[in-house]
Number of protein chains: 2
Amino acid sequence: MSRRASSKNETDTSDLDVRKATILQAVVVEHIDTAQPVGSTAVAASADLDVSPATVRSEMVTLEREGYLAQPHTSAGRVPTDKGYRYFVDHLKSGVLGEAQQVQISDFFKSVRGEVEGVLEQTSIMLSQLTNYTSVVVGPSHSHSSILSVQLVNLDSRHHLLVTVFSDGSVTKHSVLPTIEASHVEVTEASRQLNALLIGTTLDSRVQVPSRDDHVAILVRESVSVLHAQKPTTDGEQVFIGGSSRVAEAFDGVETVRKVLSILEQELLVVSLVQDILDQGLSVAIGSEHGFEPLSSCAVIVAPVTIDGEPAGAVGLLGPTRMKYREAMAAARVVSEHLTNHFANEEDHA
Amino acid sequence: MSRRASSKNETDTSDLDVRKATILQAVVVEHIDTAQPVGSTAVAASADLDVSPATVRSEMVTLEREGYLAQPHTSAGRVPTDKGYRYFVDHLKSGVLGEAQQVQISDFFKSVRGEVEGVLEQTSIMLSQLTNYTSVVVGPSHSHSSILSVQLVNLDSRHHLLVTVFSDGSVTKHSVLPTIEASHVEVTEASRQLNALLIGTTLDSRVQVPSRDDHVAILVRESVSVLHAQKPTTDGEQVFIGGSSRVAEAFDGVETVRKVLSILEQELLVVSLVQDILDQGLSVAIGSEHGFEPLSSCAVIVAPVTIDGEPAGAVGLLGPTRMKYREAMAAARVVSEHLTNHFANEEDHA
DNA sequence: GTTAGCACTCGATTCTACCGAGTGCCAAGA
DNA sequence: TCTTGGCACTCGGTAGAATCGAGTGCTAAC
């Protein structure tokens, strides 16, 4: 069972009676399938409540008044609203993935190997192929992991490279362009001191830099300051987006497609969006629930990935509000679990 | 003046007479502007050849017969063919960028700093904002630069990370999972030996690995093999694509948009496409000239970037065949020059 | 070679009619 | 009170006809 919105839906525990719920569900299912407004006759036929279309109709009037359904225009069928989808999703029995897909995912994680980045990128591609939706895979932020090793390498006498290895296996590099010209020996010594200084610390830690004025000390100081100067916006978050071309299929209207694509280009935005949704304790954000206007015709499914029980990224799927929630949610959940396992097993190697 | 196709157009030096050329150009310009078929009257009015529409018409018949123009249907105006665009581009006086844009580019390169990757990514975003087309920036392949430093770091006793720094400032990391369990001291020693072994070599070089059977030797062997196992497909090429959302504006027809986007997702494909075009000595590939069916409604503009006179990547722009060649080519050229300078100046720091 | 004149083509636009899916309402039945 | 069949009504979508007009190709005269 999926998590529920905490605040919004609390006020609205007005659980619909069984029949209304069935009707709503029928409308949602049908509309997801056909992308067309759904009429009373179709509902009466599909759902196995033995009532006439007329009855369905009068119920639909109520559902519309309560905000679960909407009519594109008089004399058209009904279409679910965001609220309608929300009810549907909240009452969705957690779906089970098809046999074939289960296997596909397992096979993928059996065969995948290599660096975290590679795995995450591959995963995002796989997930999008699996679901036909655009996928988002957010990797762990390494801002809290400690430094395992630092090395200052000189490219030329004025231009050095500071390579840092973190305990989570990530590596960063930073240019260091000191004001002074350092000899090879001095660089090596600075590198040694940096190691002594930084190993075991995190980027948040304050370290005691030498205040002397010799070349080595200057190198050390400048290196540390470059390393610590990481903007909180960058934060080492990594995000991989798979199947952005799916956006073109999922939405009609060039303008919508353009808007969504241009959001996806701004990776920081995507990360914070996913993070927001997770923070709200949701697993799906429908329409305007995430309060992000340009994506108001989208639904975003997220599932957290953990390492040692700590949140360490997430996988997500982005589609139209009329997406196939059951399958997509199941896929996201299963993949996130596999990913969590994958990382846990790597640890186990120890 | 732009470069010309070498083989194709050699056979076809049938330079159009002045009037035909003028008419062709007028059609191209107008169609680029309006996206509509262009009629004889419009041409007669726009181009400053003092002839009647009737004359233009009879010329257009010839141009059509010779394959420069096409008619969507009888009684519509003419539309340029790929060949028509090709002629237009080949006879385009190299455009000059607007003042504002010149400034924008200069400012960008004045303020940009940091790692190569960052610069290239930023550049791709800037270029796409500048032109309103999707941009492609291909970074230098580091497969031929030599190794400056190697370091083996152990994450845990069974899981090591091999971090390699290359002379061009790029850094790679590789997981090394040896069959044996090595002590901290052994890892350090292996790291030392790897440095001695690899510094100054390139990835193509063959190195003499120790054949002994102790832990250190095994670590060294496995590290070298992991490092050298880079698939030629990956090759360390890096590509940055900016403004993929522009695709949605540039093409009509969902299917086209989807196709183009899905090509852009396959970065290796993009790199080889750009490379192909450069290898052909072209600066623009129009329609099917690049022999790549899914992009047959696109034009691709490329401009090489060099370091020390050696090819080191390229910048590109992708748009519809009816793109604003003059401006876009100028932008690509100017940006590629700036980029070339940017890298040259970094060297100068030495 | 150029051009005015003219008949012709054919996509795009507009208008009309009309079909039909679907509604809301009501009155009769359970 | 709830359900349901009946019925008038709405209104988007489609099909067809009429029309418009941009643009052509051709021809005959300059």
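Throughout, a chain's letter reflects where its sequence line sits, starting with A, and its residues are numbered from 1.
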Phosphate-side-chain proximity, B:R78 and D:dG25, N/O vs OP1/OP2 below 4.0 Å: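 True: B:R78 side-chain N/O within range (under 4.0 Å) of D:dG25 OP1/OP2.
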Supply the atom-to-atom distance [X] [atom1] to [Y] [atom2], rounded to the nearest 0.5 angstrom.
{"X": "A:L130", "Y": "A:L97", "atom1": "CG", "atom2": "CG", "answer": "6.0 Å"}
{"X": "A:E293", "Y": "A:S288", "atom1": "CD", "atom2": "OG", "answer": "9.0 Å"}
{"X": "B:L264", "Y": "B:T134", "atom1": "CG", "atom2": "OG1", "answer": "6.0 Å"}

Sub-4.0 Å heavy-atom contacts from residues 19-41 of chain A onto DNA chain C, ordered by number: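 By residue number: A:G39, A:S40.
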Measure [atom1]/[X] against [atom2]/[N] and give the value in whole Å, please.
{"X": "B:Q71", "N": "D:dT24", "atom1": "CD", "atom2": "P", "value": "7 Å"}
{"X": "A:L49", "N": "D:dC2", "atom1": "CG", "atom2": "P", "value": "17 Å"}
{"X": "A:H73", "N": "D:dT10", "atom1": "NE2", "atom2": "C1'", "value": "10 Å"}
{"X": "B:E64", "N": "D:dG25", "atom1": "CD", "atom2": "C1'", "value": "12 Å"}
{"X": "B:M60", "N": "D:dT24", "atom1": "CE", "atom2": "C1'", "value": "9 Å"}

A:K324/A:E327 salt bridge by N-O under 4.0 Å criterion: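 So A:E327 does not pair with A:K324 through a salt bridge.
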Pairs involving residues 242-253 of chain A, ordered by first then second residue, that meet side-chain hydrogen bond (donor to acceptor under 3.5 Å, both in side chains) (sequence neighbours left out):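 Only A:N132-A:R246, A:S245-B:E265 qualify under side-chain hydrogen bond (donor to acceptor under 3.5 Å, both in side chains).
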5' to 3' contact window, DNA chain C with chain B (heavy-atom distance under 4.0 Å):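 Nucleotide range with atoms under 4.0 Å of chain B: C:dT2 to C:dG11.
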Pairwise 5' ranking along DNA chain C for B:R57 and B:T74, keeping only the more 5' one: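 Checking each residue's closest nucleotide, the 5'-ward one belongs to B:R57.
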Parallel, tilted or perpendicular: rings of A:Y85 and A:H31 (30°, 60°): tilted
Geometric class of the A:F292/A:H290 ring pair [parallel <30°, tilted 30-60°, perpendicular >60°]: perpendicular
Option from B:L24, B:I23, B:V61 for which side chain to side chain contact (heavy atoms under 4.5 Å, CB included) with B:R78 holds: B:V61
N/O donor-acceptor pair, side chain A:S75 with base D:dT10, under 3.5 angstrom: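 When only heavy-atom distances are counted, A:S75 does reach the base of D:dT10 through a donor-acceptor pair under 3.5 Å.
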Test side-chain contact (heavy atoms from CB on, under 4.5 Å) applied to B:H73 and B:S75, step by step: CA-CA 6 Å; B:H73 55 85; B:S75 96; 4.2 Å; yes
